[in-house]
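Everything on this sheet refers to the single structure shown next.
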Number of protein chains: 2
Amino acid sequence: MTVRHDVHSSGIPAYCLSCQARRRGLCSALDPDRLAKLAKTSSRHSVEPGVELIGDAEALNSYSNVLSGVVKLTKSLSDGRQQIVGLQFAPDFLGQPFKAKSAIHAEAATTVSLCSFPKAAIEQMMKQSPELEHRLLRQTLNELDEAREWMVTLGCKTAPEKVASFLLMIARNIGSSVGPAARSACFDLPLTRADISDFLGITNETVSRQLTRLRMDGVIRIENNRRVTVDSMSRLEQRCGGRRPGRNRPIYET
Amino acid sequence: MTVRHDVHSSGIPAYCLSCQARRRGLCSALDPDRLAKLAKTSSRHSVEPGVELIGDAEALNSYSNVLSGVVKLTKSLSDGRQQIVGLQFAPDFLGQPFKAKSAIHAEAATTVSLCSFPKAAIEQMMKQSPELEHRLLRQTLNELDEAREWMVTLGCKTAPEKVASFLLMIARNIGSSVGPAARSACFDLPLTRADISDFLGITNETVSRQLTRLRMDGVIRIENNRRVTVDSMSRLEQRCGGRRPGRNRPIYET
DNA sequence: CGTTTCCTTGAGTCGTCTCAAAGGCTGTGG
DNA sequence: CCACAGCCTTTGAGACGACTCAAGGAAACG
């Protein structure tokens with residue numbers, strides 16, 4: 001299985017060898033021959049923040065791996081209210097394999113680099129190799145799990161807890177951890193205050209107030225409105241709610 | 001494809017022939033031989049409301065098709081706050097194929113009848129037939145879509161809109177439609193007020209007040225606290241939010 | 001028939017929203 | 001390099017919606 005194919009199956013482009021998607025993404029489900037075949041049809045792009053990747057009800061003609069940056073998935077009501085229903089980080093797979101009943105909208109939140117494939121190429125390969133579909137099932141199950149996890153935040157938590165939970169989620173996804181055991185973290189916020197408010201189901205004024213409060217309380221530092229430093233992850237975790245005050249670990253009780 | 005196998009592949013139990021899961025559920029992915037094989041390991045149960053089907057962090061030793069009734073999927077914070085993250089109706093498939101990172105809890109909301117299989121039987125069959133895994137992927141994508149749809153309700157809508165949206169969702173899933181073009185509907189609420197409040201992220205008092213309001217306004221009628229009649233589905237839809245007042249259809253604008 | 005659980009209704013409080021204005025980045029053109 | 005415009009963010013004051021607490025009523029259960 002893990003025999004070295006590097007030498008003779010030279011059809012694999014060099015950039016695949018160091019690609020995140022090859023190691024941890026969808027491409028990891030492909031054997032070298034299939035990867036080489038798929039790679040021939042691939043192309044890399046970089047898109048600026050705000051660019052629409054999948055439009056509401058719009059036909060999608062390609063699938064992509066996210067290589068860097070953050071993509072926001074949104075849904076909106078026709079009166080303008082909007083909800084961010086998911087964020088995608090590298091090496092997530094972007095695209096709706098079988099169109100869902102309801103429309104979704106994908107937009108680059110930061111500068112995003114993508115590796116795109118024609119829709120047909122992926123779909124054909126999926127028919128041939130169950131491994132690929134299996135990998136897709138796993139990612140979908142993961143997204144479902146994340147969506148449900150976030151439903152708890154949306155439905156149960158207070159505004160301060162929501163903002164803390166958001167920061168923690170971002171720190172875990174794109175934070176460069178500093179210190180032993182990731183006791184602190186540092187990152188650029190991929191979303192504006194307005195985006196964060198759409199994600200958390202609160203107003204941007206409330207987001208701003210809660211960030212200020214976390215800053216005043218010394219839980220985080222903010223530079224240039226974007227760069228966030230979390231000095232103590234555990235203090236941030238305490239503010240996410242769901243833990244009995246004074247306890248650090250969940251208590252299993254019946 | 002649709003050649004009659006009834007006669008010679010007599011290994012299929014009679015109860016499968018009229019089963020919802022065979023027609024629209026997971027079993028529809030199986031050819032007669034495989035269905036017969038799987039059916040040998042299956043068993044039917046009926047469970048009362050409140051019975052736990054999948055416990056938090058508990059090993060799940062079987063998968064099931066929901067044949068009737070409603071199952072609620074919940075997640076909770078350790079301080080007791082709880083969120084219903086999904087409802088399952090017949091012929092949904094119940095069980096976590098590959099355990100998710102976060103724990104989920106499943107409980108019968110009404111009397112539920114199930115058709116259960118040993119975990120191993122399903123997993124083995126899934127390896128053999130990609131069709132089955134494909135069907136599972138489709139259901140998972142559907143559930144993801146529903147979860148995201150509900151996130152919009154949780155994050156964007158007001159309490160009156162949430163309650164109206166909930167009633168509409170239930171009516172569409174288990175309502176017996178009356179009149180032409182499903183202009184009205186009738187059903188038993190599968191959830192208590194407390195459950196509904198856990199689903200909508202509001203308190204049960206608020207749920208009760210909003211139901212009263214819908215009743216006062218003549219949008220619904222309620223008998224015995226459980227039986228709901230919606231006389232005009234369109235009036236209910238208008239109360240779900242997201243439509244410009246005075247409009248019945250979505251407006252596509254750029 | 002009492003007990004329990006669920007549901008409804010009311011009154012007062014609190015959290016979040018709304019509206020408004022000022023402050024801080026960023027980029028552009030003079 | 002500075003002035004300006006535009007956008008995002010912060011902060012404040014007041015309003016409103018949903019929550020909390022509390023009590024009473026209605027089904028369901030043994």
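Throughout, a chain's letter reflects where its sequence line sits, starting with A, and its residues are numbered from 1.
Rounded to whole Å, atom P of D:dC8 lies 10 Å from atom CG of A:Asp195. Rounded to an integer number of Å, the gap from CG of A:Asn224 to C1' of D:dC7 is 16 Å. In this structure, the CD1 atom of A:Ile202 is 13 Å from the P atom of D:dT9, given to the nearest Å. Between the CZ atom of A:Arg215 and the P atom of D:dT10 there is a distance of 7 Å, rounded to whole Å. Taking atom CD of A:Gln210 as the reference point, atom C1' of D:dT9 lies 15 Å away to the nearest angstrom. Look at CG on B:Asn204: it is 15 Å from P on D:dA22, rounded to the nearest Å. The interatomic distance linking B:Leu200 (CG) with D:dA18 (C1') rounds to 13 Å, in whole Å. Note: CD (B:Glu161) to C1' (D:dG17) measures 13 Å, nearest angstrom.
Evaluation of atom-type donor-acceptor distances gives a pair under 3.5 Å for the side chain of A:Arg209 against the base of D:dG12.
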Between B:Leu87 and B:Trp150, is the side-chain contact (heavy atoms from CB on, under 4.5 Å) condition met? List the steps.
CA-CA 11 Å; B:Leu87 293 179; B:Trp150 208 253; over 6 Å; no
Set out, in order, the CA-CA distance, both residues' side-chain angles and the distance that settles side-chain hydrogen bond (donor to acceptor under 3.5 Å, both in side chains) for A:Thr153 and A:Ser165, then state yes or no.
CA-CA 8 Å; A:Thr153 301; A:Ser165 303; 4.7 Å; no
Can you check salt bridge (Lys or Arg N to Asp or Glu O under 4.0 Å) on B:Arg239 and B:Glu161, steps first, answer last?
CA-CA 6 Å; B:Arg239 301 211 172 208; B:Glu161 290 167 348; over 6 Å; no
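Counting any heavy atom pair closer than 4.0 Å across all strands shown, A:Gly201 reaches sugar-phosphate atoms only and no base atom. Looking at heavy-atom distances under 4.0 Å, A:Leu211 makes no contact with the nucleic acid at all. Here A:Thr192 lies in heavy-atom contact (under 4.0 Å) with sugar-phosphate atoms only.
Counting heavy atoms from C-beta outward, A:Glu52 and A:His105 have side chains that approach closer than 4.5 Å. Looking only at side-chain heavy atoms (C-beta outward), B:Asn204 and B:Thr192 stay at 4.5 Å or farther from each other. Taking 4.5 Å as the limit, every side-chain heavy atom of B:Asp188 sits out of range of all side-chain heavy atoms of B:Thr110.
Remark on DNA chain C: of its neighbouring residues A:Asn225 and A:Glu205, the 5'-side contact belongs to A:Glu205, judged by nearest-heavy-atom nucleotide. Residue whose closest nucleotide on DNA chain C sits further toward the 5' end, between A:Pro160 and B:Thr212: B:Thr212.
Among the nucleotides D:dT9, D:dC19, D:dA22, the one closest to the side chain of B:Thr206 is D:dC19. Of the candidate nucleotides D:dT11, D:dA22, D:dA18, D:dA18 has the atom nearest to the side chain of B:Thr158.
You can see that DNA chain C meets the heavy atoms of chain B within a 4.0 Å-exclusive cut from C:dC7 to C:dA11, reading 5' to 3'.
Here the options are A:Val163, A:Val228, A:Asn225, the test is side chain to side chain contact (heavy atoms under 4.5 Å, CB included), and the partner is A:Leu211; only A:Val163 passes.
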